[in-house]
Amino acid sequence: MDLIKENLLTILILLPTVGAIAAIAYKAVTKDDSSQRWFALIITTLNFLISLLMFTRGVPAVGGFEFEQNVPWIPAIHTNYHVGVDGLSFWLVLLTTFIMPLSVLCAWTAVEKKKTAFFAFLLLLESAMLGVFVTLDLLVFYLFFEASLIPMFFLIGVWGGKNRIYAAVKFFIFTAVGSLLMLVAIISLYYIYAGAVQGSGSFDFVEILAAMQSGKLVLGSQAGMLLFLAFALSFAIKVPIFPVHTWLPDAHTEAPTAGSVILAAILLKMGTYGLMRFNFAFFPDQARETAWIFITLAVIGIIYGALVAMVQPDWKRLIAYTSVAHMGFVVLGMFSFTELGMQGAVYQMLNHGVSTGALFILVGFAYERRHTREISEYGGLANVMPNYAAIFIITTMSSIGLPFLNGFVGEFLIMVGMFKSNILNVTASTNWNYVAAMAAGIGVILAAVYLLWLVQRVFFGKVTNSENKKLTDLNAREIGLMIPLLIAMVVMGVYPKPFLERTDRAIKTIEARVMKSAGGAVEKTELDTKALENR
Amino acid sequence: MVSTALFFLFAGFAIMCAISMVYHKNPLYSAISLVGVFLSLACIYLTLAAPFIAIVQILVYAGAIMVLVVFVIMLLNLDDEPNTSRLKYLYALGGGLGIVLLAQTLFVVYAVSRTPNQAIDPNVTVGNTIDIGRAMYTDYLLPVEIVGVMLLMAIVGSVVLARRLSQPQLELVIDKEEERISEEINS
Amino acid sequence: MEETLKLIFPYVVVLIGVLLAFQGVLMIVAYTVLGERKVLGWIQGRVGPNRVGPWGVLQPFADLLKFILKEDIVPNESSKVIYYLAPFIALTCALMPIVVYPFGPTITTIDWSFLPYGIAEGVHTLRLVIAQIDVGVLFVLSITSVGVYGIMLAGWSSNSKYSLMGGLRSSAQMISYELAMGASVIGVVMLAGSLDLTRIVQAQMGSPWYMRWFIIPQFIGFVVFLISAFAETNRVPFDLPEAETELVAGFHTEYSALKFALFFMAEYVNMFTVSMMATVLFLGGWYVPGLSHLFDVGSVPYALISIGAFVGKVIFFLFLYIWIRGTLPRFRFDQLMNFGWKFLLPLGLLNLIGTIIVVFFLNR
Amino acid sequence: MEPNLATYLGLSGILFTIGCVGVVFKRNALGMFMCIELMLNAVNLTFVAFSRYYADVHGQLFVFMVMSVAAAEAAVGLGIFIAFFRNRQSIDVDTASILKN
Amino acid sequence: MSNFLLAQLTTPNADVTLILPEIVVALAGIVVMLYDSFFPKQKAVSGAIGMLGILISAVLLVLMWGTSYSGGAWSGMIAHDNLRLSFGLVFLMIAAMTILASTLWVDIEGVPTGEFHALLLFATFGMMMMAAGNDLVVIFLGLETSSIATYVMAGLRKGDLRSNESALKYFVLGSFASAFLLYGMALVYGATGTTNIPLIAASVGAAKFPALLLIGSAMMIVGFGFKVALAPFHVWTPDVYEGAPAPITGFMAAGPKAAAFSSFLRVFVLGFPLVAGAQAAGILHETWISLLAVLGIITILFGNVAAILQNNIKRMLAYSSIAHAGYATVGFVGAGLAKTAAERNEAIAAVAFYLFVYAITNLGAFAIVSLLGQRNDRRADFEDYNGIGFKAPLLSFSLSVFMLSLLGMPLTAGFIGKVLVFRPALESGNVLLVALVVVAVIGSAISAYYYLRLLVVMFFRERAVDWTPPKVPSALQTAIAAAVVAVLYFGLFSDGLIRRFSNAAPKAADVRAER
């Protein structure tokens with residue numbers, strides 16, 4: 001057990017890869033193409049169980065990491081395999097391991113061709129995603145960040161819908177373009193560090209951050225801004241923030257269900273995670289300076305996503321656009337630079353992972369039965385598939401942000417954080433923070449409009465399409481896989497304390513870093529302290 | 001005095017031959033003009049006190065390389081270059097290149113003549129056979145060995161290229177021919 | 001005036017020497033033609049030319065007259081400039097190597113006192129070589145290799161397929177055999193330690209002469225040289241380029257009159273120069289063993305006898321040419337190429353390697 | 001005007017230029033090849049001129065090597081021309097254009 | 001007997017052990033040639049002899065890594081440093097891969113095997129000499145040796161017009177480039193009075209004719225630019241690569257290019273080093289750095305944009321090889337700006353590593369292309385790869401790995417290569433170089449399009465007509481497997497190799513002893 005605990009993160013990363021190789025080897029030996037899903041299920045579940053061991057250790061100290069491992073990888077260029085989790089990455093790791101078995105289950109029968117490859121790619125993807133969340137070495141981070149593209153590329157391209165090739169290539173190129181600039185920034189940072197400490201450079205997040213905090217490494221404003229933008233661009237594409245979001249609807253729509261689920265639930269979080277982890281920590285000044293841009297874009301994203309979602313005739317595409325809106329919330333919360341807002345942002349990441357993931361799974365169920373995603377093809381499903389309708393409506397509510405369901409907590413925290421924030425107080429006359437918060441509020445209302453309208457169109461009324469009459473309700477596997485998600489929605493909505501408690505210290509660190517370097521004291525608010533007392 | 005006259009005589013002849021080589025459309029005339037350039041260059045090497053190089057110039061360039069070239073011209077029985085309209089940009093390119101190189105030459109001449117010339121001692125000669133031979137087998141031993149390998153390789157290479165097609169290669173040609181014919185029939 | 005004369009005098013001497021030498025060569029060549037016909041006739045049991053002058057001694061001049069008086073035919077479709085140029089190239093390149101051959105020892109005791117004004121005061125030496133250059137052997141080889149242009153261009157410019165074939169064959173043959181020739185020469189050069197022909201002759205002097213003459217240590221080289229020399233000069237049994245039966249006289253089919261005469265002369269001059277080369281390289285050049293005991297080295301009689309010896313040796317080779325022409329049949333072209341590349345060249349190279357080894361160990 | 005280093009370099013530069021322009025202007029590969037040989041010769045002249053100037057034999061040896069290279073190149077190049085001619089019945093480079101989309 | 005000549009000969013310092021690896025390769029070539037002429041039917045054996053020679057040579061190179069040699073060996077014509085050793089290994093690897101990858105091609109097209117292998121080994125010898133040459137003459141001769149062999153190899157498919165054409169163009173333009181290079185060398189010789197690179201480096205500051213130095217280096221950039229296919233001088237590349245037989249194309253894209261880079265590096269980085277001040281040397285250094293940076297930018301943009309438009313995979317890879325020359329230039333320029341010897345060695349090692357990786361990847365890719373192209377490379381268009389992904393999973397997996405490595409995806413060696421070459425350029429902090437790196441990155445992003453296109457075609461499309469995967473001969477299997485393993489292995493554990501490449505060998509034969 002200790003051995004596992006010592007190498008917990010490494011095991012988490014490697015286990016799925018090993019599983020993937022085993023699955024392929026099994027296929028090569030036996031020519032059996034149908035039992036690989038068992039491999040995938042067992043491995044992902046095992047991974048989830050192992051990841052639960054993370055609870056055995058407490059919340060890491062401020063600025064610290066648990067389960068740290070730091071071994072040289074390529075000493076010649078001073079890059080190390082350095083992994084660790086803090087409050088920020090903890091839940092994201094858990095979210096990943098939690099969603100993966102579910103997505104395996106939802107692909108159980110949906111995948112008809114080349115099953116081995118499909119599940120192998122899923123497993124590889126899990127490795128890459130976990131790697132992104134736990135690595136603390138910039139180069140290795142970049143490596144996992146890019147590596148996660150390839151399995152997804154294949155998942156969309158091979159098992160996707162009609163327009164899959166376009167979607168896959170677009171997805172890949174958008175993401176790759178941004179991240180390559182990040183590579184330049186990472187290498188530049190290496191040399192800036194080397195110059196600052198008069199020694200060899202480093203890719204290590206902790207080391208560079210320490211140098212920055214101790215004042216040894218001071219970035220010039222111009223260089224800092226360039227580096228910030230290079231990092232931010234790649235993460236913004238991944239999130240995606242408004243003008244660079246166009247790959248997302250295509251990718252979501254064309255991806256197979258499991259792919260969409262993972263894409264929405266986990267991959268998008270890499271962007272927000274990266275922004276919080278690296279951009280805020282390394283470039284607090286620049287983050288503050290550019291906050292207004294990000295907030296504006298986030299607000300635009302929220303409203304735009306909602307409006308576009310409203311007019312989508314395609315069910316899956318509609319949900320894809322909700323992602324744009326929801327991720328806009330996350331960005332908004334992050335750039336409020338209040339503890340509440342950032343807590344909310346992290347919480348909203350998890351919410352989005354659970355709710356939107358669930359929505360995609362549900363759409364997948366319908367698609368598997370009818371092989372169409374046109375909303376107009378459906379109607380009155382509540383009559384033929386009551387269980388399905390019930391689950392779908394609960395999930396919808398969670399996504400809208402109904403109180404006592406998870407979405408509410410996140411959005412509420414974000415909006416409060418935005419109200420409290422003073423980041424946009426440029427002039428005394430207008431408090432732009434309020435404007436932003438209010439715009440976000442409109443976004444919530446719009447979300448209710450389009451999602452409820454969707455529910456109405458799909459589930460209520462009479463069954464007009466004769467093909468819908470033959471539809472069967474969810475089977476045991478499908479219900480079984482929805483149950484954990486539903487539980488998660490409810491728990492997170494009712495009892496957010498353990499979640500917030502874990503992230504609290506990490507968030508405080510980041511906030512302190514961002515605000516302290518502004519010269520101002522860490523802002524404390526009443527609500528803030530209340531939230532903390534909830535612990 | 002005499003050497004000056006000789007130099008300018010041969011230099012002029014070399015340039016004339018070179019221009020004539022480029023000008024003539026018939027490859028054989030070009031080849032003969034080139035031989036003229038080689039011979040005059042050999043004479044110019046003599047004025048530079050490099051008799052060995054001068055003779056080797058004739059032996060290698062005029063006596064071996066150009067004989068081969070003329071041989072090939074005769075073997076292939078090449079006609080004049082056709083006077084079809086060549087892509088115009090190539091003329092522009094050639095002209096541009098020529099101007100750039102000419103400017104470069106002028107620059108070189110200017111730069112060199114601006115530098116105070118050290119007088120060359122006419123008695124110091126380094127181009128005798130003995131000097132060359134000694135340097136060749138001491139300092140230049142390695143290059144000589146590389147040249148050996150290279151010439152061997154060139155022999156192998158030209159034999160490979162000139163040999164008749166092997167059976168599979170012939171089949172390949174026939175294959176392609178059939179393919180082409182069938183395509184023509186289809187279209 | 002006197003000064004000018006004094007200045008000019010050495011040049012005049014050289015000029016006269018050159019004229020004499022060339023004249024001598026041309027005479028010998030002219031009589032080689034006659035000699036060839038006579039000897040061939042003798043071999044074939046015929047009489048040979050005997051109408052012009054006693055025993056036909058004026059035959060060469062009669063031939064010359066005939067060539068000059070004949071109508072000069074130029075083919076219509078030929079490339080005129082090259083057509084005219086070719087025979088000149090051929091003859092020039094044949095004659096050029098003559099300048100570097102030493103045909104006698106340096107005369108050191110020459111007495112110019114019979115000349116007026118003492119214009120030759122203090123000049124006692126006369127080199128019996130027109131130009132003693134550092135790279136004589138290479139010079140000969142390079143000029144010979146340029147000579148092939150005459151034949152090739154003649155073949156090409158005549159615009160006749162026989163001529164073209166002849167030209168092609170000739171150039172292929174010359175290129176091929178030049179390698180073997182070069183390989184055989186290098187052996188000599190290594191033993192002599194110089195590329196200068198005078199030095200090479202000097203290296204063959206001294207006793208015992210039969211060991212010094214390079215024909216002994218370099219016998220294989222000598223054979224290779226001789227064979228390739230035959231090929232280089234397009235003589236029987238390597239006269240494919242001008243094989244009457246196959247190619248209707250080859251590259252000079254379309255040539256007539258004086259231009260043909262030039263080619264004809266070039267061929268015989270080539271024979272002559274190659275014979276000189278063989279003499280210089282392998283038979284000790286002008287050196288007559290033991291002659292220094294009879295006359296002073298550097299004296300005029302010594303020189304004259306040496307020149308005689310030189311000419312005699314050359315004539316021996318010329319006779320060999322004719323003899324072989326009278327006895328051997330002609331090769332087929334592929335045989336010729338195979339022989340050159342697969343036998344002669346390897347043989348030459350083996351000889352070369354052997355020589356290298358021997359020289360290396362002798363010098364340790 | 002006594003020929004000096006600059007004169008020789010000028011001559012070699014002019015020859016190089018003519019060769020280079022010729023390569024562009026010539027239509028058939030053999031002509032191009034000859035122009036390249038001319039360029040190599042111009043370079044050789046430069047080497048020999050400098051060799052004389054510095055009284056350094058190495059320049060001449062370089063020339064010697066260049067000549068060997070030229071010979072090797074000629075052997076191979078003419079082989080290539082012949083192979084090309086066999087299939088195409090021409091060595092005009094403008095007809096060598098099947099390798100274009 | 002006369003001992004006229006030999007008596008005057010001073011014994012040259014010919015330390016054979018110093019060039020033993022090169023000699024072994026050349027000897028292997030000769031042995032292959034002889035063996036083939038006596039036993040022409042045994043094709044496998046000549047390949048085996050070649051491989052053996054390469055192996056021995058590689059072992060010798062590795063053994064030589066820490067050894068030092070006397071400074072005057074071969075009159076200072078041979079350098080013994082990490083540039084030579086690491087590039088030597090790269091060339092040997094290329095040769096070995098080419099022999100393995102060409103087995104099938106040799107069989108189906110009736111290539112004269114012995115001659116082919118001999119030529120390949122001689123070309124390798126030439127390339128190794130280029131890397132080892134410490135004197136312009138050795139570099140020139142090595143260059144010509146490798147080029148001439150490659151001209152012939154490009155034309156080995158004699159019955160095919162495209163191959164002839166490829167050889168013809170390669171020959172004409174290659175010799176044209178050599179002429180420029182040579183002119184540059186002549187002018188540099190004229191300016192400094194020496195052809196020895198360390199001596200040139202020592203005397204650029206006080207060159208007799210500084211102007212000639214500038215022109216000479218410009219000419220050499222043109223010449224080397226042709227050989228490595230930098231942008232305005234790349235015109236020959238696509239046609240030549242498309243026409244030549246696929247395994248040879250792979251070789252050409254990897255070998256002579258890497259070799260030209262090695263000499264290019266040696267002449268410019270070591271010959272025209274960074275010297276502070278505005279003297280001739282300083283101006284020269286600045287000029288060539290900025291010239292190369294600009295060329296690099298053009299090259300990367302051009303190569304990548306043109307590659308997008310291609311439908312033929314060989315042609316696509318040709319243009320991509322232009323782009324990769326551009327990436328290597330990034331590291332090269334970085335090496336030129338390195339301030340200390342250690343940094344310079346690191347940068348040189350980065351270029352070597354990059355080319356090493358590129359060579360492996362490229363040769364692997366071409367092995368597969370030649371396998372799938374069948375006779376005459378007829379099936380080399382993108383459409384011909386439609387939907388083969390799951391029909392020949394291993395092959396297409398390998399090809400995907402190669403494409404991703406060329407693209408520079410993490411976990412493949414291509415990624416490490418890119419990181420390594422970008423590093424020195426960014427380290428210098430020079431604005432032009434940062435721009436160059438940014439362009440390189442943008443280029444990589446553009447290149448995603450065409451590399452992925454192959455993956456898309458293979459895996460995402462369906463094949464209309466029936467297709468059976470070809471049988472892969474064992475040698476080819478070895479080659480492809482080795483390449484895949486190497487790409488992935490060096491993507492993860494590249495440390496040893498990088499260290500080895502950048503560790504300076506004892507500086508011995510740096511300076512020619514005396515004239």
Side-chain angles (χ1 to χ4, degrees), chain B residues 4 7 11 14-15 18-19 21-22 27 30-31 34 37-38 41 44-45 48-50 53 56 60-61 64-65 68-69 72-73 76 78 81-82 86 90 93-94 97-98 101-102 104-105 108-109 112-113 117 120 124 126-127 131-132 135-136 139-140 143 147 150-151 154-155 157-158 161-162, chain D residues 1-11 13-22 24-28 30-31 33-35 37-38 41 44-45 48-49 51-53 55-58 60-61 63-65 67-76 78-83 85 91-92 94:
Chain B
T4 312
F7 169 78
I15 292 173
I19 291 171
M21 182 198 71
V22 176
S30 297
L34 190 57
V37 178
F38 291 159
L41 278 180
I44 287 175
Y45 292 154
L48 282 168
I53 291 297
V56 172
V60 173
Y61 275 117
I65 295 178
L68 267 181
V69 169
V72 168
I73 291 174
L76 306 185
L78 294 177
E81 293 175 3
R86 186 94 188 259
L90 274 180
L93 176 70
L97 206 58
L101 285 173
L102 219 54
Q104 179 262 130
T105 307
V108 167
V109 170
V112 169
S113 51
N117 253 323
I120 302 166
V124 175
V126 290
D131 299 323
I132 299 224
M136 195 182 287
D139 279 0
Y140 268 56
V147 162
M150 187 180 67
L151 290 174
I155 294 170
S158 42
L161 283 172
Chain D
M1 183 177 131
E2 193 74 7
N4 56 18
L5 183 60
T7 337
Y8 284 105
L9 290 184
L11 176 61
I14 289 168
L15 290 180
F16 191 84
T17 311
I18 294 173
C20 183
V21 172
V24 183
F25 280 1
K26 281 276 174 186
R27 303 285 317 273
N28 80 45
L30 212 63
F33 172 73
M34 287 193 275
C35 291
E37 290 300 319
L38 178 63
N41 264 273
N44 286 354
L45 180 58
V48 176
S51 161
R52 171 79 175 141
Y53 181 79
D56 173 26
V57 75
H58 291 96
Q60 293 189 21
L61 282 167
V63 171
F64 192 75
M65 300 299 152
M67 285 176 180
S68 321
V69 166
E73 238 177 28
V76 167
L78 295 176
I80 291 173
F81 294 156
I82 291 174
F85 190 83
I91 53 168
D92 192 332
D94 284 9

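To find a chain, count down the sequence lines: A is the first, B the second, and so on, and within it residues start at 1.
- Considering only heavy atoms from C-beta on, B:Leu48 comes within 4.5 Å of D:Leu45 through its side chain.
- Legend: residues meeting side chain to side chain contact (heavy atoms under 4.5 Å, CB included) with B:Ala11, ordered by chain and number and at least two apart, are B:Phe7, B:Ile44, D:Leu11.
- Contact annotation for B:Val56: both backbone and side-chain heavy atoms come within less than 4.5 Å of a heavy atom of chain D.
- When each of D:Gly19, D:Ala72, D:Ala49, D:Ala74 is scored by its heavy-atom pairs under 4.5 Å with chain B, the top score falls to D:Ala72.
- Listed options D:Ile80, D:Val48, D:Val63, D:Ile14 were ranked by heavy-atom pairs under 4.5 angstrom with chain B; first place goes to D:Val48.
- Contact of B:Val69 with chain D is made through backbone and side chain together, with heavy-atom distances under 4.5 Å.
- With sequence neighbours excluded, the residues forming a ring pair (Phe, Tyr, Trp, His ring centres under 6.0 Å) with B:Tyr61 are B:Phe38, listed by chain and number.
- Of all heavy-atom pairs spanning D:Cys35 and B:Val22, the tightest one is SG-CG2, 4.4 Å.
- Proximity to chain D (any heavy atom under 4.5 Å) is shown, for B:Ala50, by both the backbone and the side chain.
- Within the 4.5 angstrom heavy-atom criterion, atoms from both the backbone and the side chain of B:Leu102 approach chain D.
- We find the CG-CG distance between D:Leu61 and B:Asp139 to be 8.0 Å, quoted to the nearest 0.5 Å.
- Proximity to chain D involves both the backbone and the side chain of B:Ile53, based on heavy atoms less than 4.5 angstrom apart.
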